[in-house]
Engineer: 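Take this structure first; my questions come after.
Count residues from 1 along the sequence. These figures come from a predicted structure and were not determined experimentally.
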Amino acid sequence: SVFSKMADWIGRYYNNAFMVPERSGIGVGVCQDLSEDLKYQNLYKKPKKNSYNKDVKYGEVGFNMTSASKPMLNKLLIDGTTVDGWNIKSVRLIKELMIYVNLGNGRTGAENGKGNNDDLVIAYMLAILGAGGAVLVDSEPLVPIRDAGNGASGVTMNQTLTKYAD
């Protein structure tokens, strides 16, 4: 698809950037195009814990947004937007975050209203999730969730995400 080719081009332009495509709806095709047709290598794959030896293996490309997986992203969002968290400079994202609410029955999203949506919030949550895949040459996480206050890194994104691996 045209969108897949654009994502591939932009990713390669930015030094083969790590991408976290959403694997829901039309995102299934985008994940397939990127990984199989366009051979883009730096894609999020769902971690799966092996209960026998605690090794982490990786499954399908992309994040499958479901009613079961969205609460984990909501937790990452809350953890990442505290005082010690991410510095948000996008006015549009801040506006969407202000209307991102609990809709009841275990659902979250943009509150009802003309023109309200949560697209940037979802993209932001996927970026937080993907930050655990952004590493320096020495394989240390590029971005910690928070600083422990004593100069040592606190809980890193990789440690947090490993807790949520199946």
Side-chain angles (χ1 to χ4, degrees), residues 1-4 6-8 10-11 13-14 17-35 40 42-49 58-135 141-149 153-166:
S1 74
V2 172
F3 182 76
S4 301
M6 288 173 56
D8 175 70
I10 291 169
Y13 180 83
Y14 285 101
F18 186 72
M19 285 192 235
V20 185
E22 185 177 345
R23 187 179 188 82
S24 307
I26 63 168
V28 172
V30 171
C31 290
Q32 185 175 5
D33 288 349
L34 285 169
S35 65
Y40 195 87
N42 209 5
L43 297 166
Y44 172 84
K45 293 179 182 173
K46 182 181 179 185
K48 295 181 180 184
K49 272 190 183 173
Y58 296 92
E60 58 193 16
V61 169
F63 184 83
N64 192 17
M65 185 76 71
T66 65
S67 59
S69 64
K70 196 170 181 185
M72 185 265 295
L73 284 185
N74 286 330
K75 177 160 180 11
L76 288 176
L77 174 67
I78 291 166
D79 289 348
T81 52
T82 61
V83 174
D84 295 329
W86 300 84
N87 184 6
I88 302 170
K89 297 187 181 213
S90 167
V91 173
R92 289 177 47 219
L93 174 56
I94 291 169
K95 285 180 181 177
E96 281 193 22
L97 285 166
M98 292 175 70
I99 60 166
Y100 188 77
V101 296
N102 182 343
L103 299 170
N105 296 322
R107 295 177 28 243
T108 54
E111 64 186 18
N112 292 331
K114 185 177 179 182
N116 287 355
N117 61 63
D118 62 0
D119 296 343
L120 292 177
V121 175
I122 300 300
Y124 176 59
M125 290 191 295
L126 292 174
I128 294 171
L129 177 72
V135 293
L142 187 59
V143 183
I145 286 184
R146 63 179 65 87
D147 187 319
S153 291
V155 178
T156 66
M157 187 67 69
N158 284 341
Q159 291 166 333
T160 302
L161 296 179
T162 303
K163 286 193 320 191
Y164 295 105
D166 291 345

Engineer: Restricting to non-hydrogen atoms, name the atom on Y44 and the atom on F18 that form the minimum distance, rounded to 0.1 Å.
Structural biologist: CA-CZ, 3.5 Å
Engineer: Any sub-3.5 Å donor-acceptor pair from N105's side-chain atoms to R107's backbone N or O?
Structural biologist: no
Engineer: Please report the C-alpha distance between L73 and M65 in whole Å, then the side-chain angles of each, then the deciding distance to 0.1 Å, and finally whether the side-chain contact (heavy atoms from CB on, under 4.5 Å) criterion is met.
Structural biologist: CA-CA 9 Å; L73 284 185; M65 185 76 71; 3.3 Å; yes
Engineer: Compare all side-chain heavy atoms of L43 with those of P21 and state whether any distance is below 4.5 angstrom.
Structural biologist: yes
Engineer: Would you name the heavy atoms of R23 and V28 that are closest together and state the gap between them?
Structural biologist: O-CG2, 4.0 Å
Engineer: Quick one: does any side-chain atom of D33 pair with a main-chain N or O of S1 as donor and acceptor, under 3.5 Å?
Structural biologist: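 Confirmed, D33 side chain pairs with S1 backbone.
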Engineer: Nearest 0.5 Å please: distance from the CD1 atom of I122 over to the CG atom of N117.
Structural biologist: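 Result: 10.0 Å between the selected atoms.
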Engineer: Looking just at side-chain N and O atoms, do N74 and Y100 make a donor-acceptor pair shorter than 3.5 Å?
Structural biologist: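 Side-chain D/A pair, N74 to Y100: present.
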Engineer: Check whether any side-chain N or O of K70 sits under 3.5 Å from a backbone N or O of T108 as a donor-acceptor pair, and report yes or no.
Structural biologist: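 Yes; judged by distance alone, with no hydrogens or angles, the pair exists.
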Engineer: How long is the straight-line distance from CE of M19 back to SG of C31, given to the nearest 0.5 Å?
Structural biologist: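 Between C31 SG and M19 CE, I get 10.5 Å after rounding to 0.5 Å.
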Engineer: Nearest 0.5 angstrom please: R92 CZ to I94 CD1, how far?
Structural biologist: 12.0 Å
Engineer: Nearest heavy-atom pair of S24 and F63: which atoms, and what distance?
Structural biologist: OG-O, 4.4 Å
Engineer: First locate atom CG of N42, then atom OH of Y14, and finally report the distance between them rounded to the nearest 0.5 Å.
Structural biologist: 15.5 Å
Engineer: Can you tell which of V61, L126, I128 makes a side-chain contact (heavy atoms from CB on, under 4.5 Å) with V20?
Structural biologist: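 The option that passes is L126.
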Engineer: Specify the closest pair of heavy atoms between V30 and S4, including all atoms of both residues, with the distance to one decimal.
Structural biologist: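 That closest heavy-atom pairing would be CA-OG, 3.5 Å.
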Engineer: Check L77 against L97 and note the closest heavy-atom contact, atom names and distance.
Structural biologist: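 The pair with the smallest heavy-atom distance is CD1-CD2, 3.8 Å.
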Engineer: Using every non-hydrogen atom in the two residues, find where G109 and D118 come nearest and quote the distance to one decimal.
Structural biologist: CA-OD2, 3.5 Å
Engineer: Check whether E96 reaches the backbone of L120 with its side chain - one donor and one acceptor, N or O, closer than 3.5 Å.
Structural biologist: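 Looks like yes, one N/O pair under 3.5 Å.
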Engineer: Between N116 and E111, is there a donor-acceptor pair closer than 3.5 Å when you use the side chain of the first and the backbone of the second?
Structural biologist: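 The answer is yes, because a donor-acceptor pair under 3.5 Å joins these two groups.
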Engineer: Using 0.5 Å steps for rounding, measure from the CE atom of M125 to the NZ atom of K75.
Structural biologist: 14.0 Å
Engineer: Are side-chain heavy atoms of I88 and Y124 found at a separation under 4.5 Å?
Structural biologist: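 Result yes, sub-4.5 Å side-chain heavy-atom pair found.
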